[in-house]
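The block underneath contains the structure these notes are about, expressed in structure tokens.
Heavy-atom basis, side chains included; hydrogens, waters and symmetry copies ignored. Throughout, a chain's letter reflects where its sequence line sits, starting with A, and its residues are numbered from 1.
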There are 2 protein chains.
Amino acid sequence: MTPAPRKPASASSGPSRRFARFEDLPIAVAVDVALVTAEAGQLHALLVRPTAPEAGGDWALPGGFVDPSESVDAAAERVLAAKAGIEDVFLEQLYTFGAVERDPRTRVVSVAYYALVERARLGAVLQADRRLAPLSVPWEGEAGGRVEALDEKGRALPLAFDHADILGLVVKRLRGKLRYAPIGFELLPDRFPLRALQEIHETVLGRPLNKHSFRRSVLASGLVASANRREKTVGHRPAELYRFQASKPRKDR
Amino acid sequence: MTPAPRKPASASSGPSRRFARFEDLPIAVAVDVALVTAEAGQLHALLVRPTAPEAGGDWALPGGFVDPSESVDAAAERVLAAKAGIEDVFLEQLYTFGAVERDPRTRVVSVAYYALVERARLGAVLQADRRLAPLSVPWEGEAGGRVEALDEKGRALPLAFDHADILGLVVKRLRGKLRYAPIGFELLPDRFPLRALQEIHETVLGRPLNKHSFRRSVLASGLVASANRREKTVGHRPAELYRFQASKPRKDR
DNA sequence: GAAATAGTGTCTTTAAGACAGTATGTG
DNA sequence: CACATACTGTCTTAAAGACACTATTTC
């Protein structure tokens, strides 16, 4: 994400040795986790209102410092469990934000993660200081950029630090990854009609997809197997339900 | 890269507050940079022999600690300048390695980067404690895995820490990115015949490509423009030279 | 049987691969 | 003109899109 090179900061004075006392290195390591779900044709992210006033009362992604005794991955899982009550979800590292001034109070390097979860698993989490905000993506394809989180009236919520950039990167990653990785299923329940999977893809990509083509490619991928079950009474012909199946007999093109 | 969830490490005792004194957080932040080039149909990476005996004398990627006054990106650029004498190259963040025990001596979180550079720009760097090692990729497609660095006789060099994993991730990233991003040019001089670009792609992907298809798609991409020049005397018909052109009038599928 | 969505048949479009042909330099 | 590689013509194959048609369920 940083193809444009700049001049080195301190080529001589900086610590280029491999070993130094860590007292010399007062950089805090934190994690920020974008917990994403899909509902009603829109992506949503969990935001928390920091109790401390330092962040200006802006809404923020759940985050916290990494404890020296835990791995960075474990810290992300801990944050997710503590602030969203969620475990056992798709959780993947996104990018590490290391600008000097990204947090104006102290030097923090933050490893951003994103998690994908079915909407139904987020029922009880939402309280006064937590919200599931719909995301507004003002760009197409994988162009990338900032992404806004909206309130009930569709107005942009103020986001702390570089969290709008993090959300932008999440959407960009999702769009890129959807091409070849089975991540749409993470946003769905165990059994789902193919139409629901297509809606997920359309929501992530931000554009409509061809119905017949989508079904053909999904069924040909071998990632999906019939659950031999139908939707319950829906006022019209019920769709067949499918479930995700990891076998994936691919040949990499 | 961590889709499989595990249980949280310390859900209660860990620091979930946003603000702590950094004395409480003795985690060192480092960068490791995989400087990659292509030559004779093989990818190569710059390795250094650490002078300190702590790493067991294994070969390692150039790396160093991040100074509190510099951004993580700047630290990567500094390391590249200091250990490879290289500036103004394609440099992109790869992944952050945060396992507790990855460095047995102290807790280090390392942000890995990869850089791409034309082989000719690495002429004078190689000394006794630095080598450009060919990479052996024992897997196909984007399966991923460890990647070995070889010595002159094709034997695997011992690599420090998780650096074989980092190199594996580099190759995986390159293969994925080559599909949609103009990164092949980073490994070529300014003017190049299309055959050289195809060789780069084949080297990265580890499989042969169809000549006619490759030329069609490259020329159709608009990423390349004729330099109105030919190769110099090569004992046969000289190829037309092209140069990279960023315009890229794409429509995102 | 009307309504509504599920699911498919078929043609078109686009991109990639196979393969062999022609083109154009050097010696 | 022999050689070697550059470049292209053309057919085949594979995948995606357009679009309309049939299928099945509820009310």
* Length of the line joining B:R179:CZ and C:dA16:P, which is rounded to integer Å -> 12 Å
* To do: Flag the pair A:R173 and A:E92 as a salt bridge only when some basic side-chain nitrogen lies within less than 4.0 angstrom of an acidic carboxylate oxygen.
  => yes
* Could you state the CD-C1' distance from B:E231 to C:dT26, rounded to the nearest angstrom? -> 13 Å
* Asked: When the distance from NE2 of B:H236 to P of D:dA6 is rounded to whole Å, what number comes out?
  -> 5 Å
* In chain order, what residues pass the salt bridge (charged side-chain N to carboxylate O under 4.0 Å, His left out) check against A:E199, with sequence neighbours excluded? -> A:R195
* **Whole-Å gap separating C1' (C:dA6) and CZ (A:F192)** => 16 Å
Anything under 3.5 Å between a protein N or O and an N or O of nucleotides 7-9 of chain C, put it in a table, one pair a line.
residue: C:dG7; atom: OP1; partner: A:E240; partner atom: N; Å: 2.8
residue: C:dG7; atom: OP2; partner: A:R215; partner atom: NH2; Å: 2.4
residue: C:dG7; atom: N7; partner: A:K211; partner atom: NZ; Å: 2.7
residue: C:dG9; atom: N7; partner: A:H212; partner atom: NE2; Å: 3.1
residue: C:dG9; atom: O6; partner: A:H212; partner atom: NE2; Å: 3.3

* Between C:dG25 (C1') and B:R229 (CZ): distance, integer Å -> 18 Å
* Who passes salt bridge (charged side-chain N to carboxylate O under 4.0 Å, His left out) against A:R130, sequence neighbours left out? -> none
* Structure fact -> When B:R216 and A:N210 are each assigned the nearest nucleotide of DNA chain D, the 5'-most assignment goes to B:R216
* Asked: Expressed in angstrom and rounded to an integer, what is the separation of A:K232 atom NZ from C:dT5 atom P?
  -> 20 Å
* **Given DNA chain C, 5'-ward residue of the pair B:G235 and B:S217, judged by closest heavy atom** => B:S217
* To do: Sort and list the pairs that fulfil salt bridge (charged side-chain N to carboxylate O under 4.0 Å, His left out) and have at least one residue in residues 211-224 of chain B, not counting sequence neighbours.
  => none
* Structure fact -> For residues 34-45 of chain A, the side-chain hydrogen bond (donor to acceptor under 3.5 Å, both in side chains) pairs (sequence neighbours left out) are A:E39-A:R119
* Structure fact -> Residues passing the salt bridge (charged side-chain N to carboxylate O under 4.0 Å, His left out) test with A:D151, sequence neighbours excluded, are A:R155
